[in-house]
Protein chains: 2
Amino acid sequence: MPNPRSGDEEHVVFRQYLDAVGLQGLAGAEAAGLHTSEWYALSLIAQEGRLTSGELATRTGLTTGATTRLIDRLERAGYARRAPDPTDRRRVHVEPVPDALARVEEVVAPARRHVAEVLARYTPEQRALLFDYFARAAPAFRAATEEIRAAAPRRRTRKTD
Amino acid sequence: MPNPRSGDEEHVVFRQYLDAVGLQGLAGAEAAGLHTSEWYALSLIAQEGRLTSGELATRTGLTTGATTRLIDRLERAGYARRAPDPTDRRRVHVEPVPDALARVEEVVAPARRHVAEVLARYTPEQRALLFDYFARAAPAFRAATEEIRAAAPRRRTRKTD
DNA sequence: AGCAGTATCTGCATACGCGCAGATATTTGG
DNA sequence: CCAAATATCTGCGCGTATGCAGATACTGCT
């Protein structure tokens, strides 16, 4: 990697940073024994605390049938569980199993540790700034995610050329 | 631990940040029409600039046969191409197609834009610190990834023992 | 030149996720 | 109480990714 103008360099630095974080996430998902759709769904559930099957279907972009199976897998793997809705017995709430989230934490532990090492080299003020960035960037990334998913035409199958 | 209370909060902030970045990556991969193994492989190739089929097999943890098909898909989708090794004609180098990487950039564009908005609220000095963090954190995440993959009970792959 | 070792590719079989459409259970409205 | 609407589940088939093992092509060594 040569040393181009700093604007370019920032671009590359950020790109590689994103890639590294993304790859780490994928490795984590695999280590947790979860496929990406399951990992994605679990993140959604953990984030919202609790979702109905239908809501999960909407958020993941899957059909309700596929979502049922997805929940089956998550449940079988011990990451989530079904809970009845007291007011509407057709509905099924899906909620994370706390114990399993701890397992996910374990998988993320190496990343946390390595990053902690990096953070340790900064002053408390600098660390505060970084965490301020984390807090602000998370919603920004979530907004970007929604934007991407909204713009992406669902083209899972490439049979039609 | 100087401050358990704020430490806990940092924990959560960081976790949500990681989740948000990861989900964004997944959405991007899907928008690019790539499955996770393909996205993963493409990241590796882009990072190294060029890999042989065998090296890619090792890095992804796939068998050489599966890797051949993976390269086929990457090539058919226009993200990578095969290039002969001038010194060893058995070998096949896989390299990213620059044009396609630009397409991937497009997919990441929303994230870049949203984060740019966040970064715009900081002073140049603060931004410099953040980019310093990005540069340092990327290798840290890569190390974490290797650690995770090394520890993960990988599906029975290699038979070369 | 011949033989062993290496790198990649190709059939074959298997597993799995997903969409589709119908089935089942429950709520809501007349 | 019956019918329509709603939420989830199940049976079925398709497309695809992967492992395995053999085939093919090339290199290096004797």
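Computed from heavy atoms alone, side chains included, the values below leave out hydrogens, waters and symmetry copies. What you see is a predicted model; the values in this text were computed from it and never measured. Throughout, protein chains are lettered first and strands after them, A, B, ... in sequence-line order, and every chain is numbered starting at 1.
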Mind calculating the distance between CD (B:Glu30) and P (C:dC18) to the nearest angstrom? 10 Å
Side chain of B:Thr64: nearest nucleotide among C:dC9, D:dG19, C:dG17? C:dC9
Applying a 4.0 Å non-hydrogen cut-off, can you work out what B:Arg69 is touching in the nucleic acid: base, sugar-phosphate, or nothing? base
Nearest-angstrom distance from the residue atom CZ of A:Arg90 to C1' of C:dT24: 13 Å
Does the ring of A:Tyr79 carry A:Arg103 above it, NZ/CZ under 6.0 angstrom from centre and within 45° of its axis? yes
Tell me if a side-chain donor or acceptor on A:Arg127 pairs with a main-chain N or O of A:Tyr122 at a distance below 3.5 Å. yes
Rounding to a whole Å, what distance do you find between B:Glu38:CD and D:dT18:C1'? 12 Å
Have a look at B:Thr52 and say if it touches a base, only the backbone sugar-phosphate, or nothing, with a 4.0 Å heavy-atom cut-off. sugar-phosphate
Stem list for DNA chain C, please, built from Watson-Crick and G-U wobble pairs under 3.5 Å and keeping only runs of at least 3. C:1-30 with D:1-30
Can you name the side chain to side chain contact (heavy atoms under 4.5 Å, CB included) partners of A:Ala41, sequence neighbours left out? A:Leu56, A:Thr60, A:Leu70, A:Leu74
How many Å lie between CG on A:Asp85 and C1' on D:dT8, as a whole number? 13 Å
Please report the distance, rounded to the nearest Å, between CG in B:Leu34 and P in D:dA17. 11 Å
Using a 3.5 Å distance criterion without hydrogens, assess whether the side chain of B:Glu55 forms a donor-acceptor pair with backbone atoms of B:Thr52. yes
Between C1' on C:dA7 and CD1 on B:Ile71, what's the gap in Å once rounded to a whole number? 11 Å
Test side chain to side chain contact (heavy atoms under 4.5 Å, CB included) applied to B:Ala137 - qualifying residues, sequence neighbours left out: A:Tyr17, B:Tyr133, B:Phe141
Using atom CZ of A:Arg91 as one end and atom P of D:dA7 as the other, report the distance to the nearest whole Å. 5 Å
A:Glu95 side chain vs A:Ile45 backbone, donor-acceptor pair below 3.5 Å: no
How many Å lie between CG on A:Leu70 and P on C:dC16, as a whole number? 15 Å
For A:Gly65, report the nucleic acid contact type (base, sugar-phosphate, nothing); a contact means any heavy atom under 4.0 Å. base
Under 4.0 Å, heavy atoms only, any strand: does A:Thr68 hit a base, just the sugar-phosphate, or nothing? base
Ranking B:Asp72 and A:Ser37 by the position along DNA chain C of their nearest nucleotide, the one closer to 5' is B:Asp72
Closest listed nucleotide, where the reference is the side chain of A:Arg73 and the choices are D:dT6, D:dC26, C:dG17: C:dG17
Side chains of B:Thr145 and B:Tyr40: closer than 4.5 Å at any heavy-atom pair? yes
